[in-house]
Amino acid sequence: MSLVNTSEIEISTFILIGFPGMETIHIWISIPICLMYLVAILGNCIILFFIRTEPSLHEPMYYFLSMLAISDLGLSLSSLPTMLRIFLFNIPRISTDACIAQEFFIHGFSAMESSVLLIMSFDRFIAIYNPLRYTTILTITRVTKIGFAFSLKNVLLILPFPFTLKRLKYCKKYLLSHSYCLHQDVMKLACSDNKVNVIYGLFVAFTGILDLTFIFMSYMLILKTVLNIASQRERIKVLNTCVSHICAVLIFYVPILSLAVIYRFSKYSSPITRIIMADIFLLVPPLMNPIVYCVKSQQIRTLILGKLCQKQN
């Protein structure tokens, strides 16, 4: 601890929480959490491996899927250290610098996942609206440039977070609301003016709402295009190519929107509900996205089953 003035002490560590009142069973809770992390990391690594090594998957849709897998891996690895420290080793303390670094990576990869889902909605629209020119519009060079541009945008968007948090003074309050660090959670502990953090945090949240709005607009255009197809069988076939992406969008955005509603009406919700929803937001998308795409993508499913059959033989 370091002195700020004669009447105020600035703290140098925060306390993360698991499930309040359930500390005695944290070790048991750690088992499903560790399994979820293991499945999420292995699943996303498998997808990246197949996209990297199989020429049949060298298509725009799968390049964007690899970006989603990287975002999911980053999200899992960003939160893994503190989740394991709390539930497995019962070590809730985290330094302010480590906490600020963690929130940067969590928000950064979350923003990247939102951007990738937006790009994938544009990808689906181009594939359905103009299938004959799909591969000529989305060339490897163009896909790379799109990925780089959105990655740079998200780094620049989240980069102010650590600096705005670092300038704040933290005293008296040190208990965070989750098992990992979030910008809005950390800034509430400040005993100095955090108006800049609040305004910029709202701006970042607004960019996420914009992503969701553009995804919705893309699907309105997709639906309009599909309704112009004469054959009902063809309509269903075309819409079926969007199912995986729609599931990924719902898996990512439903927990975020639910968490926002819960915080808005926090008087009527228990802390356990907020903690569970926050953990779902961080754990479920990286876990479910590989499963959804492996089940719904015939090419990936066939490749995985083929590899498994080879090993058995």
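Nothing fancy with the numbering, it's 1 onward along the sequence. Quick note: numbers below take in every heavy atom, side chains included, and nothing from hydrogens, waters or symmetry partners.
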Heavy-atom pair of closest approach, residues [X] and [Y]:
X      : Y      : result
Ile128 : Cys242 : CD1-SG, 3.5 Å
Ser218 : Ser121 : OG-OG, 3.4 Å
Pro290 : Pro286 : CD-O, 3.1 Å
Leu175 : Leu189 : O-CD2, 3.6 Å
Thr164 : Phe161 : OG1-O, 2.9 Å
Lys153 : Ser115 : NZ-OG, 3.3 Å

For [X], does the [atom1] atom sit with more than 12 other heavy atoms under 6.0 Å from it, leaving out its own atoms?
X      : atom1 : answer
Arg167 : CZ    : yes
Tyr219 : OH    : yes
Tyr134 : OH    : yes
Met217 : CE    : no
Lys237 : NZ    : no

Flag the pair [X] / [Y] as yes when at least one side-chain heavy-atom distance between them is below 4.5 Å, and no otherwise.
X      : Y      : answer
Ile47  : Leu68  : no
Leu202 : Val198 : yes
Val243 : Asn240 : yes
Cys181 : Asp185 : no
Leu165 : His183 : yes
Val116 : Ile70  : no
Leu57  : Leu65  : no
Met67  : Val143 : yes

Let me confirm one number: the [atom1]-[atom2] distance from [X] to [Y], rounded to the nearest 0.5 Å.
X      : Y      : atom1 : atom2 : value
Thr135 : Ile126 : OG1   : CD1   : 11.5 Å
His178 : Ile106 : NE2   : CD1   : 10.0 Å
His245 : Arg124 : NE2   : CZ    : 9.0 Å
Asn194 : Ile199 : CG    : CD1   : 10.0 Å
Leu283 : Met83  : CG    : CE    : 4.5 Å
Leu73  : Leu42  : CG    : CG    : 9.5 Å

Next item on the list: In sequence, state the C-alpha distance, the side-chain angles, and the governing distance for Glu103 and Met187, and then conclude on side chain to side chain contact (heavy atoms under 4.5 Å, CB included).
Entry: CA-CA 11 Å; Glu103 66 82 29; Met187 73 177 184; over 6 Å; no
Under 3.5 Å, side chain of [X] to main-chain N/O of [Y], donor-acceptor pair present?
X      : Y      : result
Ser179 : Ile17  : yes
Asp123 : Pro60  : no
Asn154 : Phe150 : yes

Look at the side-chain heavy atoms of Ile, Leu, Val, Met, Phe, Trp and Tyr, link any pair under 4.5 Å apart, and say whether [X] and [Y] land in one connected group.
X      : Y      : result
Leu157 : Phe148 : no
Val155 : Val204 : no
Leu159 : Leu168 : yes
Leu257 : Ile280 : yes
Leu35  : Trp28  : yes

Margin query: Please determine whether side chain to side chain contact (heavy atoms under 4.5 Å, CB included) holds for the pair Ser244 and Val292, giving the CA-CA distance in whole Å, both sets of side-chain angles, and the decisive distance to 0.1 Å.
Written below: CA-CA 6 Å; Ser244 301; Val292 167; 4.2 Å; yes
If the plane angle is over 60° it's perpendicular, under 30° parallel, otherwise tilted; pick one for [X] and [Y].
X      : Y      : value
Phe281 : Phe252 : tilted
His26  : Phe19  : perpendicular
Tyr200 : Phe203 : tilted

Check: Can you tell which of Leu117, Val284, Leu287, Ile291 makes a side chain to side chain contact (heavy atoms under 4.5 Å, CB included) with Ile251?
Finding: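 One option only clears the test, and that one is Val284.
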Next item on the list: Before giving the answer on side chain to side chain contact (heavy atoms under 4.5 Å, CB included), spell out for Ile33 and Asp279 the whole-Å C-alpha distance, their side-chain angles and the decisive distance to 0.1 Å.
Entry: CA-CA 10 Å; Ile33 288 175; Asp279 288 345; 5.6 Å; no
Next item on the list: Would you kindly say whether Ser114 and Tyr253 are connected by a side-chain donor-acceptor distance under 3.5 Å?
Entry: yes
Item checked: Modelled atom types, side-chain donor and acceptor of Tyr62 and Gln299, under 3.5 Å ->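 Yes, side-chain donor-acceptor contact under 3.5 Å.
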Next item on the list: Applying side chain to side chain contact (heavy atoms under 4.5 Å, CB included), run through Glu113 and Asn289 and close with a yes or a no.
Entry: CA-CA 11 Å; Glu113 181 140 351; Asn289 285 337; 3.2 Å; yes
